[in-house]
Amino acid sequence: MSSDSLVKGYEPSGIEERWYRYWEEKGFFDAKDKSGQKSYAIVIPPPNVTGVLHMGHALNITIQDILCRYHRLCGDNVLWMPGTDHAGIATQNVVERNLAEKGVTRDQLGREKFIDEVWKWREKSGGAIINQLKRLGASCDWKRERFTMDSGLSQAVRKVFVQLYKDDLIYKGQYIINWCPRCRTALAELEVDHEEQDSFLYYIKYPFVGSKDGLVVATTRPETMFGDTAVAINPMDDRYRGLDFDSVMLPLTNKTIPIIRDSYVDTEFGTGALKVTPAHDPNDFTLGEKHNLDRVKVIDDDGKMTEDAGEFKGMDRFECRKKALVALENLGLLVKTEPLKNSVGHCYRCKTVVEPSLSRQWFVRVAPLAKEAADAVRNGKTRIIPANWSKTYFDWLDNIQDWCISRQIWWGHRIPVWKCSECGEVMVEEVDPDRCSACGSSSILQETDVLDTWFSSALWPFSTMGWPEETDLLKTFYPTQALVTGFDILFFWVARMMMMGTRFMGEVPFEDVYIHALVRDENGKKMSKSKGNVIDPIKVIDTHGADAFRFTLAAFAAQGRDVKMSEDRVIGYRNFVNKLWNAARFTLMHLDGDTGSVSLDDDLSIVDRWILSRALATAEAVKTGIDSYKFNEAASAVYQFVWHEFCDWYLEASKPALYDKEGRARRDVSRRVLAKVLKDILIMLHPFMPFVTEEIWSIMPTVKGSIMEAGFPFDETLIDSVRNIGVEEKISYAFALVTAIRNIRGEMNIAPSAELNVSMQTPDDNEKHFIEENSSIIKNLSRLESLVVSGMGEPPASCAAAVVSGTIIYVSLKGVIDFDKEEQRLEKELEKVTKELLSVSKRLSNESFLDKAPEDVVDKVRLQKDALEDKAEKLKVNLDKIKKINL
RNA sequence: GGGCGAAUAACUCAGUUGGUAGAGUGCAACCCUUACAAGGUUGAAGUCACAGGUUCGAGCCCUGUUUCGCCCACCA
């Protein structure tokens, strides 16, 4: 392919798809089960099969892909394990909704047929998100894709369940759990979203038996009163010291309930009298246990009132609240109502208000596991990055409650527990039994509940690698090197993987846990469908390209800070992609077929040396950035280098040589340097922008194969020798000369196309020599017609002047110079210098600074002062001259 | 109630053991100069939230205050 085929602007569509297919077909994403190489593994946070790609995924996947592609370039054997999560409740909800459109309920269908429907749905539309990940460029080893309901993973789930049961870490018990009346299942504590809302606190009088007086209780949930089995007061509460009664009448029923005394009751809140509903409140449950109270369930699994609610039976719980209040008011028992903000739990899947309710469920006794998981981080076996998340992690694990793992839904891993209907024997088995192990009866029934989705995700790092088999994959890649995820699933997922990993593998699942930020909209608001501020990543990719999008995500992913996404930013980085594209066009225009590599024998110019040394420094910055999960630093280092060093300065500075104005030898060296630096840039950028870099790579005549095989970092032996002392200083001196001339041009409003005549005076022979040697570069960069260098002498007539280091620059403006303007300009410049000089002098006249500051700092300031004084001096001379003319 | 984080240019944000503030966007001026107008050159613009303290020196360290965001908690 020749450079003619490069269009002027980069067009990502088509190119991305083509390269993705190529990489996949050639097996570039494949991990080796066994290899002598260093291994690097990441397991993907499995998106829900119901999932649609959102910004959070995009950031998460981009970061992982940067890590994986970078490590492949470093020569590691990389495994990026992909897959999806069966997402019990979420998926069941989706399929139920679809059935509802056809007028069918899951109960009508029955369990087996319903599960068939779910699998069918999964076959049809469950993999959508995988294709979206591919659009982003995710380089997962797709041949190993797993699903949490795979037979292999299901086997792992069973083994873990049975083992935990045997270790007495799983039990069944009756407790208050969170019940979602819409999903009709129990939820774990974590699956409840607490939202503060405006409620009311109702003061209700519970009369003493045979008296008009009574105890006034305060409650936000009057509908649960039918389940009250006591009223509690604090024994230390003076208001109730001389209380003669030991029971009250529960209004709207004929029940008498006892008054109990317990220090748990907060005397500050409400009236100091607490209605106790052991079946619908976790605290009341504990209180009830202590005082031996009855547990009366008054709200059923559908959120409707039970028989115990008397006339309110069958009524919805919220309807009942209203009606009961009316009834109480009619009886004169509603004493007062006051507004109150309290937090109410909602189902994290369907947002229904959850009902704390008494229920028999399966639990994991999680404290011993939690301790191991916490210790692993305390011992440094796993690092959490940024480290401040460790505190959150410890706080949660140190105060953990038992984990309710049973769900009353059908889609999921059915709990492997059977009960004999003849003798009552309970069997917990890895393989389905066909008869009772005690009495031999074949009349055995399996538990109907399924496990919490997070139970299987907790095993993900090793179940996906074939556990419980002792596979080569496990040996090669467990523990993994990094886990990349958002903090929102630190507890749900990360902590539980830590528990299960340490327990069942005897080793932590990952060395590093990198917690990235949340992606918000441009105003910092959480993206949500209801707010209508959702940006669809796929649309962004369609319009601006995956490379620009990925680079945006990386550039804004500073640790510990949310990413505010807006299209403007993506456009900015799309421009960067285009800039790279055009730099490549320029390079290819000048490469003449097979250009050789740069060698030590080459007669490298100062700009050649400079750009080679800067390229290495940039590669190091990229490496450091990625190694320390500071993707924004890596991204901005390479951005800065490509645009403002390579394009702005080097390409321009190399033009005289490339256009053969300095001889054939120079031109050839310049070509080789150009080719090498562009190649280095492509490799550095590849983890961030895989598509455009591969595209340009494929057109470069100087390279072979895929960029994915190129190797990172670069050949340091060559560049180290280039990096001799003084290159940076010399080049910045040269650039400062150019900038000074450009500055005069700008300030004096001289057309960029006008070619200027410049003379320079310097007392330093080395500087004089340097300018002469590089005059073609300086002339080209500042568009000069002529450049004359001499020792110090009389200033030429009709000139604008500037001072750089010891050198005075005179820009001849014969006939055009505006002396007023030049006077203003010089005055401004002098003012700036004087100000700086003042601050520097002040520091140097401070005794204690000279005394206590390190010598190198003091020396630096002294040099600074000398230079500034010199500059001020020269500026003054010129200013005086101009002033005389103006007079 | 406990914890975490943020406050720096008009906007969005960097700022690596403390050495005197940077970028992108936007803005202004001039330019289609042979890679790129999705571009180039130049320029204007900051009491680093506030108040103290440590230090020769603080955006950075310490204490307190204000405002905002998030997480956790059994706020009847």
Side-chain angles (χ1 to χ4, degrees), chain A residues 3 6 8-10 176 189 194 196 201 217-221 224 232 264-266 268-271 273-277 281-287 340-343 356 386 388-389 391-392 395-396 399 401 487-488 490-491 518 520 522 524 526 544 548 555-556 558 560-562 564 566 568-569 571-590 624 628 630 632-633 636 639-640 644 647-648 651-652 655 659 739 742-755 782-783 839-840 843 846-854 856-858 860-861:
Chain A
S3 56
L6 261 79
K8 212 167 161 185
Y10 175 64
I176 295 276
E189 279 302 326
H194 293 275
E196 180 155 287
L201 188 61
V217 299
T219 180
T220 52
R221 305 205 52 204
T224 63
Y264 164 77
V265 180
D266 181 0
E268 302 292 314
F269 192 92
T271 58
L274 168 72
K275 68 191 264 310
V276 184
T277 324
D281 183 283
N283 295 312
D284 293 6
F285 176 83
T286 317
L287 213 49
L340 179 82
K341 279 197 194 300
N342 68 342
S343 78
N388 46 300
W389 284 107
K391 190 171 164 46
T392 312
D395 285 351
W396 190 71
N399 301 299
Q401 292 180 6
F487 61 81
D488 48 335
L490 182 61
F491 304 143
L518 245 46
R520 300 172 176 277
E522 53 193 316
K526 218 169 176 172
H544 305 298
F556 284 92
R561 194 143 181 164
D562 288 344
K564 288 184 196 158
S566 81
D568 285 348
R569 287 145 198 277
I571 290 171
Y573 288 111
R574 181 209 56 186
N575 294 350
F576 176 57
V577 174
N578 196 52
K579 187 78 181 174
L580 174 72
W581 180 255
N582 279 293
R585 274 182 72 211
F586 175 84
T587 305
L588 291 167
M589 245 174 64
H590 289 282
T624 310
S628 57
K630 292 178 178 168
N632 59 322
E633 289 181 12
S636 60
Y639 178 96
Q640 178 67 25
H644 299 301
C647 291
D648 286 354
L651 292 189
E652 295 304 325
K655 275 178 183 173
Y659 285 107
T739 305
R742 284 173 175 175
N743 174 290
I744 289 173
R745 193 190 280 277
E747 297 281 294
M748 307 288 287
N749 239 333
I750 303 164
S753 53
E755 300 205 329
S782 35
R783 268 190 99 72
S839 120
V840 169
R843 286 169 71 190
N846 183 340
E847 292 277 334
S848 41
F849 171 71
L850 298 175
D851 221 35
K852 292 179 184 171
D856 59 316
V857 174
V858 178
K860 214 175 97 190
V861 177

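For clarity, every value in this text was computed on a predicted model and none was experimentally measured. Lettering follows sequence order; numbering is per chain, from 1.
For the pair A:Lys8 and B:A37, the criterion of a side-chain N or O lying under 4.0 Å from OP1 or OP2 is met. The shortest distance between the side-chain N/O atoms of A:Lys655 and the OP1/OP2 oxygens of B:A35 is below 4.0 Å.
Within the 4.0 angstrom heavy-atom criterion, base atoms lie near A:Leu651. Residue A:Ser753 is classed as having no contact, given no heavy-atom separation below 4.0 Å to the nucleic acid. Here A:Val861 lies out of heavy-atom contact (under 4.0 Å) with every strand.
Using atom C1' as the reference point in both B:G19 and B:C60, the two lie 12 Å apart (nearest Å). Nucleotides B:G24 and B:A44 have their P atoms positioned 15 Å apart, rounded to a whole Å. For the P atom pair drawn from B:G15 and B:A9, the interatomic distance equals 15 Å after rounding to whole Å.
Comparing B:G19, B:A76, B:A35 against the side chain of A:Ala853 picks out B:G19 as the nearest. The side chain of A:Ala583 lies closest to B:A35 when the candidates are B:C56, B:A35, B:A76. Out of B:C4, B:A35, B:C56, the shortest distance to the side chain of A:Pro854 is found at B:C56. With B:U33, B:C36, B:C71 as the choices, the nucleotide that has an atom nearest any side-chain atom of A:Thr392 turns out to be B:C71. Picking from B:A76, B:C36, B:C4 the nucleotide with the shortest atom distance to the side chain of A:Glu652 gives B:C36.
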Between N or O atoms, less than 3.5 Å apart, protein on one side and nucleotides 13-16 of chain B on the other: list the pairs.
residue: B:C13; atom: OP1; partner: A:Lys564; partner atom: NZ; Å: 2.5
residue: B:C13; atom: OP2; partner: A:Lys564; partner atom: NZ; Å: 3.4
residue: B:A14; atom: OP1; partner: A:Arg561; partner atom: NE; Å: 3.4
residue: B:A14; atom: OP2; partner: A:Arg561; partner atom: NH1; Å: 2.5

Distances under 3.5 Å only, N/O to N/O: pair up the protein atoms with those of nucleotides 38-44 of chain B.
residue: B:A38; atom: O4'; partner: A:Asn575; partner atom: OD1; Å: 3.2
residue: B:A38; atom: O2'; partner: A:Asn578; partner atom: ND2; Å: 3.2
residue: B:A38; atom: N3; partner: A:Arg574; partner atom: NE; Å: 3.4
residue: B:G39; atom: OP1; partner: A:Asn575; partner atom: ND2; Å: 3.1
residue: B:G39; atom: O3'; partner: A:Lys579; partner atom: NZ; Å: 3.1
residue: B:G40; atom: OP1; partner: A:Lys579; partner atom: NZ; Å: 3.1
residue: B:G40; atom: OP1; partner: A:Trp643; partner atom: NE1; Å: 2.6
residue: B:G43; atom: OP1; partner: A:Asn743; partner atom: ND2; Å: 2.8

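If you measure from atom CZ of A:Phe285 to atom C1' of B:A76, you get 18 Å, rounded to the nearest angstrom. At whole-Å resolution of the value, CG in A:Asp851 and C1' in B:C56 are 9 Å apart. In this structure, CD of A:Glu196 is placed 14 Å from C1' of B:C72, rounded to the nearest angstrom. Separating the CD atom of A:Gln401 from the P atom of B:C72 is a distance of 13 Å, rounded to the nearest angstrom. Going from atom CZ of A:Arg843 over to atom C1' of B:A58 covers 13 Å, rounded to whole Å. For the pair A:Asp568 CG and B:G24 P, the interatomic distance rounds to 16 Å; values are reported in whole Å. Rounded to an integer number of Å, the gap from CZ of A:Arg221 to P of B:C75 is 13 Å.
When side chains are defined from C-beta on, A:Phe849 counts as touching A:Val857, because their heavy atoms get closer than 4.5 Å.
Put simply, the side chain of A:Arg745 gets close to the backbone of A:Arg783: a donor and an acceptor are under 3.5 Å apart. Panel note: side chain A:Asp851, backbone A:Glu847; no donor-acceptor pair is recorded below 3.5 Å. Between the A:Asn632 side chain and the A:Phe556 main chain, no donor and acceptor come within less than 3.5 Å of each other.
In terms of the side chain to side chain contact (heavy atoms under 4.5 Å, CB included) criterion, residue partners of A:Glu747 (sequence neighbours excluded) are, by chain and number, A:Asn743, A:Arg825, A:Lys828. Applying the salt bridge (Lys or Arg N to Asp or Glu O under 4.0 Å) rule to A:Lys630 yields no partners; only residues at least two apart in sequence or on another chain are considered. With sequence neighbours left out, A:Glu189 forms a side chain to side chain donor-acceptor pair (under 3.5 Å) with A:Asn178.
Close placement of the A:His590 and A:Tyr659 rings is indicated, their centers lying within 6.0 Å of each other.
Note: A:Phe487 and A:Trp389 have parallel aromatic rings, judged against thresholds of 30 and 60 degrees for the angle between ring planes.
The residue among A:Ala751 and A:Asp281 whose nearest nucleotide of RNA chain B lies closer to the 5′ end is A:Ala751.
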For RNA chain B, the expected dot-bracket line (Watson-Crick or G-U under 3.5 Å, [ ] crossing, | inter-strand) is (((((((..((((.....[..)))).(((((.......))))).....(((((..]....))))))))))))....
